[in-house]
Amino acid sequence: MKNSRSAAVGVRVTLPRALSKLGFCSRKQAEQLVAGGQVKVNGRVDKSLNSWVDITRDKISVDDVRVAAASKVYLVLNKPRGLVTTRDDPEGRPTVFSCLEAFDVPHLSPVGRLDKASEGLLLFTNDTVFAQRLLDPERHVAKTYHVQVRGSVDSEFLEQMAAGVQHDGEFLRASAVKLLRQGDKNAWIEVELQEGKNRQIRRMLEALGFECLRLVRVRMGDIELGQLAKGKSRPLTEDELTRLREQAGL
């Protein structure tokens, strides 16, 4: 009986948030539409940014056109080096969205980021709840990277990466790290993170006196980059999406 009452509650959010969750527009654009009197809830104009609505029950329209939930899209991209992870860059640099022109999906956003110099697996979706759950550190959805560093590494280095280091007053650690191969001038290591701090691996290497030559994300949760060509994207399979949703607690 308790479950039945919970299901009847629906999904209550503020009106601008409702337009965003339904995939109609961004939160900022929604606030402008609401304030401008273009939004109706159950046939009545509502200009309050603080109004609460139930997106499963209330009828929301913009300029008298009913707003329905957008189809959910889930993509994986092999991000090339040199692209910034944003839709519009004020400096005019090329962005990851240049690789997604075949997918004309409103409000498609990356799940997390890879910096300009990094490459590899990057997820995209218009499902904001799914994205937030995947990035929630309490969910422990691991991200795995193959990293090339200049110089030789030893067991002490690997132990320090796993134990954690201080960088600019912030404690940073890898949940797992191992040596993949060692050369005369550089080495490849595998690093697993369960947190998403800004430029975390690069900062850890810097704190230990190592230069990062390449950084490639190869896995997120159970989803692997595999043989996807650089700059190419594909939809997640149903099996991949199911596994990711389970890991995100959905």
Side-chain angles (χ1 to χ4, degrees), residues 75-86 89 93-96 98-99 110-124 134-234 236 240 243-244 247:
L75 305 174
V76 58
L77 166 72
N78 185 350
K79 175 192 176 296
R81 190 171 185 169
L83 301 182
V84 293
T85 307
T86 185
D89 182 65
R93 295 172 296 181
T95 81
V96 291
S98 63
C99 301
V111 181
R113 291 178 177 271
L114 287 173
D115 63 37
K116 181 182 176 183
S118 299
E119 51 195 296
L121 190 152
L122 189 59
L123 296 180
F124 289 80
L134 280 181
L135 297 175
D136 185 349
E138 294 185 1
R139 296 291 168 185
H140 304 293
V141 179
K143 295 174 283 291
T144 305
Y145 304 80
H146 286 177
V147 186
Q148 184 185 36
V149 299
R150 189 182 303 281
S152 299
V153 303
D154 54 20
S155 58
E156 182 180 355
F157 165 84
L158 300 176
E159 290 168 3
Q160 286 180 306
M161 289 282 287
V165 300
Q166 290 285 341
H167 186 279
D168 289 341
E170 191 171 21
F171 181 73
L172 308 170
R173 68 177 296 272
S175 55
V177 58
K178 67 179 181 181
L179 176 66
L180 294 175
R181 57 185 180 272
Q182 182 94 265
D184 294 334
K185 298 182 179 179
N186 57 69
W188 280 92
I189 59 174
E190 182 175 276
V191 181
E192 180 187 279
L193 301 179
Q194 290 189 358
E195 52 189 357
K197 296 179 180 177
N198 184 42
R199 301 181 71 252
Q200 182 169 340
I201 295 175
R202 295 182 187 277
R203 293 166 63 199
M204 293 177 70
L205 292 173
E206 183 179 330
L208 294 172
F210 282 82
E211 180 184 357
C212 179
L213 300 177
R214 284 187 69 190
L215 192 153
V216 185
R217 185 191 285 163
V218 297
R219 188 181 306 114
M220 186 170 184
D222 290 337
I223 310 307
E224 296 189 359
L225 184 61
Q227 299 302 311
L228 184 63
K230 195 168 294 186
K232 298 299 182 180
S233 58
R234 64 169 178 82
L236 289 179
E240 289 174 328
R243 284 184 281 137
L244 272 183
Q247 291 171 339

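All values below were derived from every heavy atom in this structure, side-chain atoms included, with hydrogens, water molecules and symmetry-related copies excluded. Quick caveat: nothing in here was measured; it's all calculated off a predicted structure.
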For Met204 and Leu172, the nearest pair of non-hydrogen atoms, with its separation, is CG-CB, 3.6 Å

Compare all side-chain heavy atoms of Leu205 with those of Val147 and state whether any distance is below 4.5 angstrom.
yes

Which atom of Leu225 lies closest to which atom of Gly120, heavy atoms considered:
CD2-CA, 4.0 Å

Suppose the criterion is ring-ring contact (aromatic ring centres under 6.0 Å, His included): which pairs have a residue in residues 167-199, not counting sequence neighbours?
none

Test: Glu224 and Arg219 ion pair at under 4.0 Å
yes

Between the CD atom in Glu159 and the CG atom in Asp154, the distance rounded to the nearest 0.5 Å is 8.5 Å

For Val153, does its backbone N or O pair with a side-chain atom of Gln182 as donor and acceptor, under 3.5 Å?
yes

Can you check whether Val84's main-chain N or O pairs, donor with acceptor, with Thr95's side chain at less than 3.5 Å?
no

Would you indicate whether the side-chain heavy atoms of Leu122 and Arg113 approach each other to under 4.5 Å?
no

Less than 4.5 Å apart, side chain to side chain, heavy atoms only: is that true for Leu193 and Tyr145?
yes

Over 12 foreign heavy atoms within 6.0 Å of CZ, Arg93:
yes

Looking at side-chain heavy atoms only, is the closest gap between Leu213 and Glu211 below 4.5 Å?
yes

Keeping the roles fixed (side chain from Thr85, backbone from Leu114), state whether a donor-acceptor pair exists under 3.5 Å.
yes

Is it the case that Asp115 and Ser118 place a side-chain donor and acceptor less than 3.5 Å from each other?
yes

Given Met220 and Leu134, is the side-chain contact (heavy atoms from CB on, under 4.5 Å) satisfied, shown in steps?
CA-CA 9 Å; Met220 186 170 184; Leu134 280 181; 4.3 Å; yes

Audit row: Arg81, Arg214, side-chain contact (heavy atoms from CB on, under 4.5 Å) steps and yes/no:
CA-CA 9 Å; Arg81 190 171 185 169; Arg214 284 187 69 190; 3.7 Å; yes

Do Glu240 and Asp222 have side chains that approach each other closer than 4.5 Å (heavy atoms only, starting at C-beta)?
no

Would you mind reporting whether Ser233 and Val76 have side-chain heavy atoms less than 4.5 Å apart?
no

Can you give me the closest heavy-atom contact between Cys99 and Gly231, atom names plus distance?
CB-O, 3.6 Å

Looking at Arg181 and Glu190, does any basic side-chain N land under 4.0 Å from a carboxylate oxygen?
no

Report yes if some heavy atom in the side chain of Val149 is under 4.5 Å from a heavy atom in the side chain of Asn186; otherwise report no.
no

Nearest heavy atoms of Gln247 and Gly221, plus distance in Å
OE1-CA, 3.4 Å

4.5 Å side-chain heavy-atom contact, Leu236 and Leu75
no

Within the side chain of Lys143, is there an N or O that forms a donor-acceptor pair under 3.5 Å with the backbone of Arg217?
no

Main-chain N/O of Leu228 paired to Asn78 side chain as donor or acceptor, under 3.5 Å:
yes

Taking all heavy atoms of Leu77 and all of Lys232, pick out the closest pair and write down the distance.
CD1-O, 3.3 Å

Could you tell me whether Glu195 and Arg173 make a salt bridge, using a distance below 4.0 angstrom between a side-chain N and a carboxylate O?
no

Arg203 and Glu170: CA distance, side-chain angles, deciding distance, salt bridge (charged side-chain N to carboxylate O under 4.0 Å, His left out) verdict
CA-CA 10 Å; Arg203 293 166 63 199; Glu170 191 171 21; 2.8 Å; yes

Nearest heavy-atom pair of Val191 and Ala174: which atoms, and what distance?
CG1-CB, 3.7 Å

Rounded distance (nearest 0.5 Å) linking atom CD1 of Ile223 with atom CG of Leu123:
7.5 Å

Nearest 0.5 angstrom please: Ile189 CD1 to Lys178 NZ, how far?
12.0 Å

Find the distance between CD (Gln160) and CZ (Phe210) and round it off to the nearest 0.5 Å.
8.5 Å

